[in-house]
Amino acid sequence: MRRVDDMYDYTQALRRSELSRARWRRPAEVSLLGREWTLLPNVFSPADTNSSLTHLELLDFPVGGSFLEIGSGMGIIAVHAALAGCRSVVATDLNPAAVENTARNAERFGVADRVRCVHSDLFDQLPEHATFDVVYWHSNNVWTPPSVPLDNVHALAYVDPGYAAHRRFFQQAPGHRAPGGRVLLAVSSRASRSDLDELAARAGQRLHSVKATTVPEPEGPVVYELLEVVPG
């Protein structure tokens, strides 16, 4: 791993998390992509960042196939996967409020019969041999030191202490990829890409850039990138 002072300033991500969490202290309706969505307190809000909607534009869904989303938040990706024609969608999140939020929006948009919501830290609560045509994670790709105290689960939508979750993802995700399927990881230029490459290589994988786009953000231009995890 690189030295801390070579990393993106993770405190910016923690401030964004705290501002968003303070803004949405009660259930709300947010307007995104011409639809009104339910947003529950303490759930990551795509209305407060360009990342989710930008990655949605980069993502191609396996129409007629199966889709697994890690970290579903309010459910905007999972619901769009079902609306796009995925046969089945499993949406997981380690935040119980996010699991409930995804379920509410799946019901709201008439796709609850195809979206199963699971409270899970990555793959922990999925059957060991469950496989999917696409495994997708819009990850909390900002590295933060493991010693930094995090007093709420909302922050874990923004940062990954010591990249522990990414290490597990690279180890476990390939086992949930169906034959001919894909493992996709959505990141930004706020990530420590060299460290992600190293962690993937340790798991016998490598990261292949599929698509990328640059978006103006308050701190300056940010590159949002869709990576595919492939055998190394």
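In this model, no donor atom of one side chain and acceptor atom of the other lie less than 3.5 Å apart for Arg177 and Thr131. Looking at His166 and Ser139, their side chains do bring a donor and an acceptor atom within 3.5 Å of each other. Between the side chains of Ser72 and Thr102, at least one donor-acceptor pair of N or O atoms lies under 3.5 Å. Under 3.5 Å, the side chains of Glu198 and Tyr163 contain no donor-acceptor pair of N or O atoms.
Of all heavy-atom pairs spanning Leu83 and Val111, the tightest one is CD2-CG1, 3.7 Å. Counting all heavy atoms, side chain and backbone alike, Ser209 lies closest to Leu227 at CA-CD2, 3.8 Å. Across all their heavy atoms, Pro146 and Pro161 have their closest contact at CA-CB, 4.0 Å. The nearest pair of heavy atoms linking Val63 to Ala84 is CG2-O, 3.5 Å.
Leu56 is connected to Val115 through a chain of hydrophobic side-chain contacts under 4.5 Å among Ile, Leu, Val, Met, Phe, Trp and Tyr, so both are in one cluster. Following chains of ILVMFWY side-chain contacts shorter than 4.5 Å, one can reach Ile77 starting from Val210, so the two form part of one hydrophobic cluster. Linking Ile, Leu, Val, Met, Phe, Trp and Tyr whenever their side-chain heavy atoms come within less than 4.5 Å leaves Val215 and Leu53 in two separate clusters. Follow the hydrophobic side-chain contacts under 4.5 Å out from Tyr136 and you never reach Leu196; the two are in separate clusters.
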- What's the verdict on side-chain contact (heavy atoms from CB on, under 4.5 Å) for Ile76 and Leu32, showing C-alpha distance, side-chain angles and the deciding distance? CA-CA 9 Å; Ile76 193 167; Leu32 296 167; 3.9 Å; yes

- Given side-chain contact (heavy atoms from CB on, under 4.5 Å), test Glu69 with Val90 step by step and report yes or no. CA-CA 6 Å; Glu69 182 184 16; Val90 175; over 6 Å; no

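Between Arg23 and Asp48, at least one side-chain nitrogen of the basic residue sits less than 4.0 Å from a carboxylate oxygen of the acidic one, meeting the salt-bridge criterion. The residues Glu219 and Arg190 are annotated as salt-bridged, a charged nitrogen and a carboxylate oxygen being separated by less than 4.0 angstrom. A salt bridge does not link Arg108 with Glu36: every distance from a Lys NZ or Arg NE/NH1/NH2 to an Asp or Glu carboxylate oxygen is 4.0 Å or more. Ion pairing between a basic and an acidic side chain is recognised when a charged N comes within 4.0 Å of a carboxylate O; Arg21 and Glu18 show such pairing.
Remark: aromatic rings of His154 and Trp24 are distant, center separation not under 6.0 Å. Two rings, from His176 and Phe123, have their centers less than 6.0 Å apart. Residues Tyr158 and Tyr10 place their aromatic rings such that the two centres sit no closer than 6.0 Å. Taking the six-membered ring for Trp, Phe67 and Phe132 have ring centres at least 6.0 Å apart.
Heavy atoms from other residues, nucleotides or ligands lying under 6.0 Å from CZ of Arg168 number more than 12. For Glu128, the CD atom counts as loosely surrounded, since its 6.0 Å shell holds 12 or fewer non-hydrogen atoms of other residues, nucleotides or ligands.
At least one donor-acceptor pair under 3.5 Å links the side chain of Asp160 to the backbone N or O of Ala165.
Note on ring orientation: taking the six-membered ring where Trp is involved, the planes of Phe169 and Trp137 are tilted (angle from 30° to 60°).
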